[in-house]
Amino acid sequence: MTTIPVPVEIRAPLGAQTLEIDWSDGGTSFLPHRLLRAFCPCAHCQGHQGPIRYAPVIDQIPAPSLDLQNLEEVGNYALRLVWADGHATGIYAFRYLLALSELGDAPDSVLRTSTFER
C-alpha cells in the first residue's frame, strides 16, 4: 500500500492567485486558483457521476471571484475551498490536490481534455 503524502503547511494569502501546499514527502505543490475552480469536484460543477472534467463555466467567472476567502479542513483527508463569489461546495481530497498539481501550468488545450477519477 502506497502512503499518500499529507499537507504539512498550506499557504493561500489573500490576494494571491495560487494555493501552495508543502507535503509530508518534502514536495511542494503550486495550484493556481483558476485550475482549482476549473476542476471543482462538487456535484454542482461536475454532476453526480463520471470523471471530473474541466468546467467551462470557469471562462465566465470574473477574476475577483477566484480569490480564496477561506480554507476548511475536512477530516484528515481533504480541504473545502471557499471562493469570493460564495461557492464553497467543493471538497478537494489531498490525493486529488496532488493529482491536480501535475497540471500546474499546463496549456488550456491540455486542461480542457484532462479528466480525474472520483
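All of these numbers come straight from a predicted model, not from anything done at the bench. One is the number of the first residue; the rest follow in order along the sequence.
When all heavy atoms of Val74 and Leu79 are compared, the closest pair comes out as CG2-C, 4.2 Å. Nearest approach of Ser114 to Leu103, heavy atoms of both residues: OG-CD2, 3.6 Å. For the residue pair Gly47 and Arg118, the shortest heavy atom distance occurs at O-NH2, 3.3 Å. Residues Ala84 and Pro64 approach most closely at CB-O, 3.3 Å, considering heavy atoms. Across Leu71 and Ala12, no two heavy atoms sit closer than the pair CD1-CB, 4.0 Å.
The shortest distance between side-chain heavy atoms of Ile58 and Leu66 falls below 4.5 Å. By the 4.5 Å heavy-atom criterion applied to side chains, Asn76 and Val6 are not counted as neighbours. Contact check for Phe94 versus Pro5: no side-chain heavy atoms found under the 4.5 Å cut-off. At a threshold of 4.5 Å between non-hydrogen side-chain atoms, the residues His33 and Leu68 count as touching. Between Ile52 and Thr115, the closest side-chain pair of non-hydrogen atoms is not below 4.5 Å. By the 4.5 Å heavy-atom criterion applied to side chains, Ser29 and Glu102 are not counted as neighbours. Residues Arg11 and Thr28 meet the side-chain proximity criterion, which asks for heavy atoms closer than 4.5 Å. The closest side-chain heavy-atom distance from Arg53 to Thr113 is not below 4.5 Å.
Here the CD-SG distance, from Gln46 to Cys40, works out to 7.0 Å after rounding to the nearest 0.5 Å. Here the CG atom belonging to Asp22 is positioned 9.5 Å from the CD1 atom belonging to Ile10, to the nearest 0.5 angstrom. Taken from CG in Leu97 to CG in Leu19, the straight-line distance is 7.0 Å, to the nearest 0.5 Å.
In this structure, Thr89 has no side chain to side chain donor-acceptor pair (under 3.5 Å) partners at least two apart in sequence or on a different chain. The side chain to side chain contact (heavy atoms under 4.5 Å, CB included) test applied to Glu72 returns Asn70, Arg80, Val82, not counting sequence neighbours. The side chain to side chain donor-acceptor pair (under 3.5 Å) test applied to Gln17 returns Asp67, not counting sequence neighbours. Residues passing the side chain to side chain donor-acceptor pair (under 3.5 Å) test with Asp59 are Arg34, Tyr54, Arg112, sequence neighbours excluded. Residues forming a side chain to side chain donor-acceptor pair (under 3.5 Å) with Glu117 (at least two apart in sequence, or on another chain): none.
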Original post:
Stepwise, does the side chain to side chain contact (heavy atoms under 4.5 Å, CB included) test hold for Tyr92 with Leu36?
Top reply: CA-CA 9 Å; Tyr92 296 73; Leu36 291 165; 4.1 Å; yes
Original post:
When you look at His87 and His44, which way does the side chain to side chain contact (heavy atoms under 4.5 Å, CB included) test go after all the steps?
Top reply: CA-CA 10 Å; His87 186 71; His44 176 76; 4.3 Å; yes
**OP:** Run the numbers on Ile21 and Leu98 for side chain to side chain contact (heavy atoms under 4.5 Å, CB included), then give the verdict.
**Re:** CA-CA 9 Å; Ile21 302 174; Leu98 275 169; over 6 Å; no
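Both Ile4 and Leu100 sit in one connected hydrophobic cluster of ILVMFWY residues. Membership requires side-chain heavy atoms under 4.5 Å apart, directly or through other members.
The backbone N or O of Ile61 lies less than 3.5 Å from no partner atom in the side chain of Ser65, so there is not a single donor-acceptor pair. With hydrogens and angles ignored, the 3.5 Å screen pairs no side-chain donor or acceptor of Gln69 with any backbone N or O of Gly86.
Applying the ring pair (Phe, Tyr, Trp, His ring centres under 6.0 Å) definition to pairs two or more places apart or across chains, those involving residues 98-118 are Phe39-Phe116, Tyr96-Phe116.
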